[in-house]
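Atoms considered below: every heavy atom in the structure, side chains included; atoms not considered: hydrogens, waters and symmetry mates. Just so you know, residue 1 is the first one in the sequence shown, and it goes up from there.
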Amino acid sequence: MSELNLILLGPPGAGKGTQAVRIAAHFGCGDVATGDIFRANVAQGTPLGRTAQEYMDRGDLVPDEVVIAMVMDRLAEPDCGAGFVLDGFPRTVAQAEALDRRLAELDTPLDAALNFEVTEEELFRRLAGRSAALHRSDDTEQTIRHRLEVFAEKTRPLIDYYRHRGLLVGVDAVAAIEQVAARIDAALAAFGVAVAFGGVIAASV
Ligand code: AMP
């Protein structure tokens with residue numbers, strides 16, 4: 001199975017986490033979900049968790065230097081030797097540039113930036129539902145709105161960043177999980193990244 005280096009772009013609630021797990025399992029590569037890493041550190045009360053928590057609770061981004069150092073360490077772990085699916089990173093242009101520098105050093109190109117396209121209305125509905133189901137402290141109505149604003153201001157510019165580099169692959173992410181997975185499969189295949197994704201889904205349902 002070939003190596004895959006993939007970024008998942010898209011607002012909170014777009015379904016990136018669910019698809020990241022499936023793609024990483026299929027390719028046997030690292031699943032790097034920055035929000036999950038922060039939440040684990042908060043739960044364990046580590047210094048990193050204590051730094052991150054106040055930003056997360058407000059729905060703000062954790063400062064670039066903190067996130068970049070954490071992701072660079074994570075990418076050096078053995079599972080990322082077979083490639084990676086980055087879920088939730090980069091979220092700012094500075095983060096994207098840091099990733100570019102690291103990949104250039106490693107001489108490993110990015111294969112694609114998969115952009116999850118979801119309407120604001122649908123996002124709000126999903127995040128409010130997740131809030132009720134998971135009791136995430138950053139899923140209150142006010143914080144959800146703020147996180148969507150932060151996305152629009154800081155992260156949306158990355159869509160053009162990757163489009164200009166010819167790496168952007170758009171996916172309509174308003175559908176059932178299996179359907180979005182099939183769309184990802186088709187979009188990546190059309191882009192030249194072969195993902196025999198249907199078998200994974202069939203085996204897991
Ligand atoms: P997520 O689960 O990806 O929505 O991330 C939850 C929270 O973790 C975000 O609202 C941020 O506070 C923080 N976070 C996750 N990834 C990043 C990142 N790449 N840059 C800055 N903050 C991040």
Side-chain angles (χ1 to χ4, degrees), residues 1-44 46-49 51-52 56 61-116 155 158 161-162 165 167-169 171 173 177 180-185 187-189 191-201 203-204:
M1 214 166 280
S2 61
E3 184 180 307
L4 178 74
N5 293 330
L6 196 65
I7 285 176
L8 305 191
L9 277 181
K16 302 187 297 295
T18 307
Q19 301 297 339
V21 170
R22 290 170 182 267
I23 298 170
H26 179 70
F27 276 87
C29 60
D31 175 11
V32 180
T34 45
D36 287 350
I37 301 174
F38 283 132
R39 279 184 290 278
N41 277 274
V42 169
Q44 288 160 21
T46 66
L48 177 64
T51 304
M56 295 174 76
L61 295 183
V62 176
D64 281 336
E65 61 274 19
V66 175
V67 187
I68 289 168
M70 180 183 89
V71 171
M72 296 308 139
D73 283 353
R74 179 67 186 85
L75 290 179
E77 286 178 27
D79 59 334
C80 292
F84 55 77
V85 178
L86 275 172
D87 162 19
F89 183 96
R91 261 173 152 106
T92 65
V93 171
Q95 293 178 16
E97 288 171 349
L99 180 66
D100 279 350
R101 282 193 296 274
R102 165 58 71 94
L103 294 180
E105 276 164 28
L106 296 174
D107 202 17
T108 329
L110 201 60
D111 291 299
L114 201 57
N115 186 34
F116 284 57
T155 309
L158 294 183
Y161 183 96
Y162 288 110
R165 283 161 178 71
L167 289 171
L168 195 77
V169 178
V171 177
I177 291 172
V180 175
R183 286 177 189 171
I184 290 172
D185 184 353
L188 287 177
F191 192 67
V193 179
V195 195
F197 211 30
V200 177
I201 294 154
S204 66

Worksheet item: Could you give all pairs that pass the salt bridge (charged side-chain N to carboxylate O under 4.0 Å, His left out) test and reach residues 75-86, with sequence neighbours left out?
Response: R74-E77, R74-D79

Fill in: A14 to A173 - nearest heavy-atom pair and separation
O-CB, 3.8 Å

Response to the item:
side-chain contact (heavy atoms from CB on, under 4.5 Å) filter on V71, not counting sequence neighbours, yields T34, V67, L75, L86, F89

Worksheet, complete the sentence: What one should report as the nearest heavy-atom pair of L8 and A20 is CD1-CB, 3.6 Å

Worksheet entry | Nearest non-hydrogen partners of L168 and F191, listed with the distance | O-CE1, 4.4 Å

Worksheet item: Out of curiosity, N5 CG to C29 SG, how far, rounded to the nearest 0.5 Å?
Response: 7.5 Å

Worksheet entry | Under the side chain to side chain donor-acceptor pair (under 3.5 Å) test, residues paired with Y162 that sit two or more places apart | none

Item to complete: Tell me, please, which residues at least two apart from R183 pass salt bridge (charged side-chain N to carboxylate O under 4.0 Å, His left out).
Response: D172

Worksheet item: Taking it one step at a time, do T51 and F38 satisfy side chain to side chain contact (heavy atoms under 4.5 Å, CB included)?
Response: CA-CA 9 Å; T51 304; F38 283 132; over 6 Å; no

Worksheet item: Within the distance-only criterion (no hydrogens, no angle test), does the side chain of K16 pair as donor or acceptor with the backbone N or O of P11 below 3.5 angstrom?
Response: yes

Worksheet item: Quick one: side-chain contact (heavy atoms from CB on, under 4.5 Å) partners of A98, sequence neighbours excluded?
Response: I68, M72, R101

Item to complete: Check L9 against A113 and note the closest heavy-atom contact, atom names and distance.
Response: CD1-CB, 4.4 Å

Worksheet, complete the sentence: Here the salt bridge (charged side-chain N to carboxylate O under 4.0 Å, His left out) pairs for residues 104-113, sequence neighbours left out, are R102-E105

Worksheet, complete the sentence: Taken in chain and number order and not counting sequence neighbours, the residues that satisfy side chain to side chain donor-acceptor pair (under 3.5 Å) with T46 are N41

Discussion item. Counting C-beta onward and ignoring hydrogens, is there a side-chain heavy-atom pair between I7 and L167 closer than 4.5 Å?
Written reply: no

Worksheet entry | From CA spacing to verdict: side chain to side chain contact (heavy atoms under 4.5 Å, CB included), T108, E3 | CA-CA 10 Å; T108 329; E3 184 180 307; 3.2 Å; yes

Response to the item:
side-chain hydrogen bond (donor to acceptor under 3.5 Å, both in side chains) pairs touching residues 62-72, sequence neighbours excluded, are D64-T92, D64-Q95

Worksheet item: Do you know which two heavy atoms are closest between P90 and A96, and how far apart they sit?
Response: CB-N, 3.4 Å

Discussion item. I'd like to check D100 versus Y161 (side-chain heavy atoms, cut-off strictly below 4.5 Å). Are they in contact?
Written reply: yes

Item to complete: Please determine which of D31, I184, T18, D185 meets the side chain to side chain contact (heavy atoms under 4.5 Å, CB included) test together with I23.
Response: I184

Practice prompt. Compare every heavy atom of V32 with every heavy atom of C80, then report the nearest pair and how far apart it is.
Written response: SG-CG2, 3.9 Å

Worksheet item: Got a second to check how far L4's CG is from F84's CZ, nearest 0.5 Å?
Response: 8.5 Å

Worksheet entry | Contacts of type side-chain contact (heavy atoms from CB on, under 4.5 Å), residue A187, not counting sequence neighbours | V169, V171

Discussion item. Within this structure, what is the CG-CG distance for the pair L114 and D87, rounded to the nearest 0.5 Å?
Written reply: 11.0 Å

